[in-house]
Asker: 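Dumping the structure here so I can ask a few things about it.
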Amino acid sequence: MNYSELISKEQYEQIKIYLKVDIDYEDDLIKEMLDAVALELVDAIDTSKTPADFMEEPRYHLAVKKQAKEEYEHRGLSADTMRYSLANGVENIIHQLRVKGVTMDDNP
């Protein structure tokens with residue numbers, strides 16, 4: 001199931017506020033970005049997991065918002081524009097969740 005299908009309408013509206021979007025005609029584009037970003041982050045954390053495994057983890061939601069904002073604001077930029085691959089703070093969240101998963105699996 002896609003991330004955009006797992007979150008509530010209220011959560012989606014909060015993401016739009018975070019993105020500073022007050023229009024509805026880009027909702028499909030935003031949901032597509034959210035779904036892609038959520039999968040990208042899950043794969044960076046643990047390839048055996050899915051977005052559904054992180055729905056109770058607030059850091060995961062924050063990372064999705066941060067990276068979706070990065071993708072939304074920099075879409076269509078040319079190759080000569082310097083961009084970091086991950087938004088500020090997202091890499092730290094990935095590492096925290098990766099370690100937390102290892103710790104939880106290794107220490108029942």
Side-chain angles (χ1 to χ4, degrees):
M1 184 173 274
N2 289 327
Y3 181 82
S4 63
E5 298 168 330
L6 292 168
I7 59 174
S8 68
K9 179 153 178 61
E10 292 78 22
Q11 287 173 304
Y12 178 70
E13 291 301 321
Q14 287 296 316
I15 291 170
K16 283 180 66 174
I17 290 169
Y18 187 83
L19 297 176
K20 298 180 181 173
V21 175
D22 58 0
I23 54 175
D24 293 331
Y25 63 83
E26 289 190 331
D27 280 0
D28 289 340
L29 172 67
I30 293 169
K31 288 177 182 177
E32 184 179 327
M33 284 184 186
L34 289 172
D35 295 340
V37 164
L39 288 173
E40 177 183 5
L41 295 176
V42 165
D43 285 346
I45 297 165
D46 184 340
T47 57
S48 69
K49 305 283 185 190
T50 68
D53 295 317
F54 294 94
M55 294 312 291
E56 299 301 318
E57 177 54 66
R59 290 174 291 187
Y60 179 72
H61 292 287
L62 178 60
V64 170
K65 283 191 272 193
K66 284 176 164 280
Q67 192 61 34
K69 183 176 174 87
E70 176 76 12
E71 299 298 331
Y72 184 80
E73 289 180 349
H74 293 93
R75 63 195 163 143
L77 291 181
S78 64
D80 62 344
T81 303
M82 167 51 183
R83 268 187 73 195
Y84 293 102
S85 57
L86 293 171
N88 186 27
V90 172
E91 188 171 1
N92 290 337
I93 293 171
I94 289 170
H95 290 309
Q96 290 170 15
L97 295 177
R98 189 181 295 153
V99 169
K100 181 180 178 186
V102 170
T103 303
M104 288 171 32
D105 292 343
D106 291 345
N107 299 314

Asker: Listing request: all ring-ring contact (aromatic ring centres under 6.0 Å, His included) pairs with a residue in residues 6-56, at least two apart in sequence or in separate chains.
Answerer: Phe54-Tyr60
Asker: Once rounded to the nearest 0.5 Å, what's the spacing between atom NZ of Lys49 and atom CZ of Arg98?
Answerer: 13.5 Å
Asker: Could I get the full list of side-chain hydrogen bond (donor to acceptor under 3.5 Å, both in side chains) partners for Glu32, not counting sequence neighbours?
Answerer: none
Asker: Could you list the residues that satisfy salt bridge (Lys or Arg N to Asp or Glu O under 4.0 Å) with Lys65, not counting sequence neighbours?
Answerer: none
Asker: Grouping I, L, V, M, F, W and Y whenever their side-chain heavy atoms are under 4.5 Å apart, do Met55 and Leu41 come out in a common cluster?
Answerer: yes
Asker: Does Ser4 offer a backbone N or O that forms a donor-acceptor pair with the side chain of Asp35 under 3.5 Å?
Answerer: yes
Asker: Are the side chain of Asp43 and the backbone of Glu40 linked by a donor-acceptor contact shorter than 3.5 Å?
Answerer: no
Asker: side-chain hydrogen bond (donor to acceptor under 3.5 Å, both in side chains) with Thr47: which residues, sequence neighbours excluded?
Answerer: none
Asker: Closest approach of Arg59 and Ile93, non-hydrogen atoms and distance?
Answerer: O-CG2, 3.4 Å
Asker: Can you tell whether the side chains of Lys69 and Glu73 come within less than 4.0 Å, N to carboxylate O?
Answerer: yes
Asker: Same cluster for Met33 and Ile17 if Ile/Leu/Val/Met/Phe/Trp/Tyr side chains link at under 4.5 Å?
Answerer: no
Asker: How long is the straight-line distance from CD1 of Ile45 back to CD1 of Ile94, given to the nearest 0.5 Å?
Answerer: 6.0 Å
Asker: Rounded at 0.5 Å granularity, tell me how far CD in Glu26 sits from NZ in Lys31.
Answerer: 13.0 Å
Asker: Among residues at least two apart in sequence or on other chains, which ones pass salt bridge (Lys or Arg N to Asp or Glu O under 4.0 Å) with Lys9?
Answerer: Glu13
Asker: Can you hop from Leu39 to Tyr3 via hydrophobic side chains spaced under 4.5 Å?
Answerer: no
Asker: Applying side-chain contact (heavy atoms from CB on, under 4.5 Å), name anything that partners Ser48, two or more places apart in sequence or on another chain.
Answerer: Asp46
Asker: For Glu71, run the side-chain contact (heavy atoms from CB on, under 4.5 Å) check against Val37, Leu29, Leu19, Leu34 and tell me which one passes.
Answerer: Val37
Asker: Test of understanding: with salt bridge (Lys or Arg N to Asp or Glu O under 4.0 Å), list the residues that count as partners of Asp24, not counting sequence neighbours.
Answerer: Lys16
Asker: Quick one: pull up OG1 in Thr50 and CG in Leu6 and give me the separation to the nearest 0.5 Å.
Answerer: 7.5 Å
Asker: Restricting to salt bridge (Lys or Arg N to Asp or Glu O under 4.0 Å), what partner residues turn up for Glu5, sequence neighbours left out?
Answerer: none
Asker: Identify, with sequence neighbours excluded, every residue that meets side-chain contact (heavy atoms from CB on, under 4.5 Å) alongside Ala36.
Answerer: none
Asker: Report the residues that fulfil side-chain hydrogen bond (donor to acceptor under 3.5 Å, both in side chains) with Gln14, sequence neighbours left out, ordered by chain and then residue number.
Answerer: none
